[in-house]
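The next block holds one structure in the form of structure tokens; read it before the comments.
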Amino acid sequence: MNASPVSATTAGFAVAGCTGLAVFGPLVGLSPAWIALLIGGGLLGLTVDASQLEGMGGHLLAEALPGGRSRLRRVARHEAGHWLVAQQEELAVRRVLVGTRACLKAGLRCNGATEFDLPEQVRLPLEDLRRWSRVLQAGMVAEALLEGEARGGADDRALLGRIWGLSGQDVATAQREQRRARREVEQLLKKRLDELDGVAERLLEGLEPESA
């Protein structure tokens with residue numbers, strides 16, 4: 001997640017809008033007063049975004065614009081990967097959220113989330129470390145398989161790094177096991193691509209990942 005109170009997406013929209021007004025406004029007959037008013041409105045929007053929408057207004061806008069469905073489908077496929085592998089590994093999933101609006105309602109500043117009950121103990125047995133390695137990398141693998149590349153997963157990598165860092169295992173073992181886990185997840189999801197995409201479509205429609 002971005003540590004800034006205003007997301008890069010929101011700031012990008014604002015900067016592009018202000019630049020466009022400054023350059024093209026006079027060419028289409030906008031007076032300097034109107035240009036100043038519109039730029040001021042954009043800056044006010046940034047302030048509201050930071051205070052009320054936790055800097056995620058740009059993401060909300062991007063999801064509402066044409067092409068937003070494709071953006072949400074990528075998120076849904078990422079989260080579906082987590083969910084499907086968690087079922088395989090028998091790890092309990094609290095909830096799965098897709099889209100900025102759903103995440104903000106849940107008090108989360110992100111575009112999608114799959115929440116687990118994290119382990120209570122710090123040093124996990126090697127087999128549990130392997131299970132978490134598969135589950136936490138599953139979102140990135142699902143994205144890569146269905147979208148061609150993975151854009152999300154920074155938080156997953158960070159959490160996985162913390163779990164291995166606290167495990168007492170050496171770096172070489174951690175790296176080897178994570179590579180092994182990724183290969184295993186790739187093999188699993190390749191065999192279940194239709195199921196993976198079906199779960200993603202259910203999430204995209206706001207339904208539970210598993211049909212009743």
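Everything numeric in this text was worked out from a predicted model, so none of it was measured.
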So which heavy atom on L108 is nearest to which on A113, and how close?
-> CD1-CB, 4.0 Å

Under a single-linkage definition using a 4.5 Å side-chain heavy-atom cutoff for Ile, Leu, Val, Met, Phe, Trp and Tyr, are V98 and L207 assigned to the same hydrophobic cluster?
-> no

D117, CG: over 12 other non-hydrogen atoms inside 6.0 angstrom = yes

Sort and list the pairs that fulfil ring-ring contact (aromatic ring centres under 6.0 Å, His included) and have at least one residue in residues 124-154, not counting sequence neighbours.
-> F116-W132

Correct closest heavy-atom pair for V135 and A86 would be CG2-CA, 3.9 Å

Candidates E79, H78, H82 - the one meeting side-chain hydrogen bond (donor to acceptor under 3.5 Å, both in side chains) with T114 = E79

Salt-bridged, K190 to E186, with N to O below 4.0 Å?
-> no

For L204, the side chain to side chain contact (heavy atoms under 4.5 Å, CB included) test, sequence neighbours excluded, returns R69, L72, R73, A76, E201

Kindly give the heavy-atom pair with the smallest separation between A80 and A200, and that separation in Å.
-> CB-N, 3.7 Å

V96 with L189, same ILVMFWY side-chain cluster at under 4.5 Å = yes

Take Q88 and R192 through the side-chain hydrogen bond (donor to acceptor under 3.5 Å, both in side chains) test and state the conclusion after the steps.
-> CA-CA 12 Å; Q88 178 77 19; R192 301 174 69 178; 3.1 Å; yes

Answer yes or no: is there a side-chain heavy-atom contact under 4.5 Å between L160 and R162?
-> no

Would you sort out whether Q137 and R157 count as a side chain to side chain contact (heavy atoms under 4.5 Å, CB included), showing the intermediate values?
-> CA-CA 7 Å; Q137 292 185 94; R157 286 191 294 268; over 6 Å; no

Salt bridge R202-E205, side-chain N to carboxylate O under 4.0 Å | no

Determine which pairs satisfy side chain to side chain donor-acceptor pair (under 3.5 Å) with at least one residue from residues 144-153, sequence neighbours left out, and list them in order.
-> R77-E147

Side-chain heavy atoms of I163 within contact of L136, under 4.5 Å | yes

State, to 0.1 Å, how close V85 and A138 come at their nearest heavy-atom pair, and which atoms those are.
-> CG2-CB, 3.4 Å

Check whether any side-chain heavy atom of V93 sits under 4.5 Å from a side-chain heavy atom of E115, and report yes or no.
-> no

Can you get from L91 to M140 by hopping between Ile, Leu, Val, Met, Phe, Trp and Tyr side chains that sit under 4.5 Å apart?
-> no

Please answer: with hydrophobic residues joined when any side-chain heavy atoms are less than 4.5 Å apart, are L146 and W83 in the same cluster?
-> yes

Once you round to the nearest 0.5 Å, how far does CD of E210 lie from CG of L84?
-> 9.5 Å

CD of E184 to OG of S133, rounded to nearest 0.5 Å, is 9.5 Å

For C103 and L97, the nearest pair of non-hydrogen atoms, with its separation, is SG-CB, 4.0 Å

Residue list, side chain to side chain contact (heavy atoms under 4.5 Å, CB included) with Q169, at least two apart or on another chain | L126, L129, W164, S167, T173

So do the side chains of L159 and L118 get within less than 4.5 Å of each other, counting heavy atoms only?
-> yes

Closest heavy-atom pair and its distance - L196, G81 | CD1-N, 3.5 Å

Got a sec, which residues hit salt bridge (Lys or Arg N to Asp or Glu O under 4.0 Å) with E127, two or more places apart in sequence or on another chain?
-> R130, R134

Check step by step if side chain to side chain contact (heavy atoms under 4.5 Å, CB included) holds for R180 and R176.
-> CA-CA 6 Å; R180 171 187 170 185; R176 183 178 65 253; 5.7 Å; no

Can you name the residues that form a side chain to side chain contact (heavy atoms under 4.5 Å, CB included) with Q121, not counting sequence neighbours?
-> L124, P125

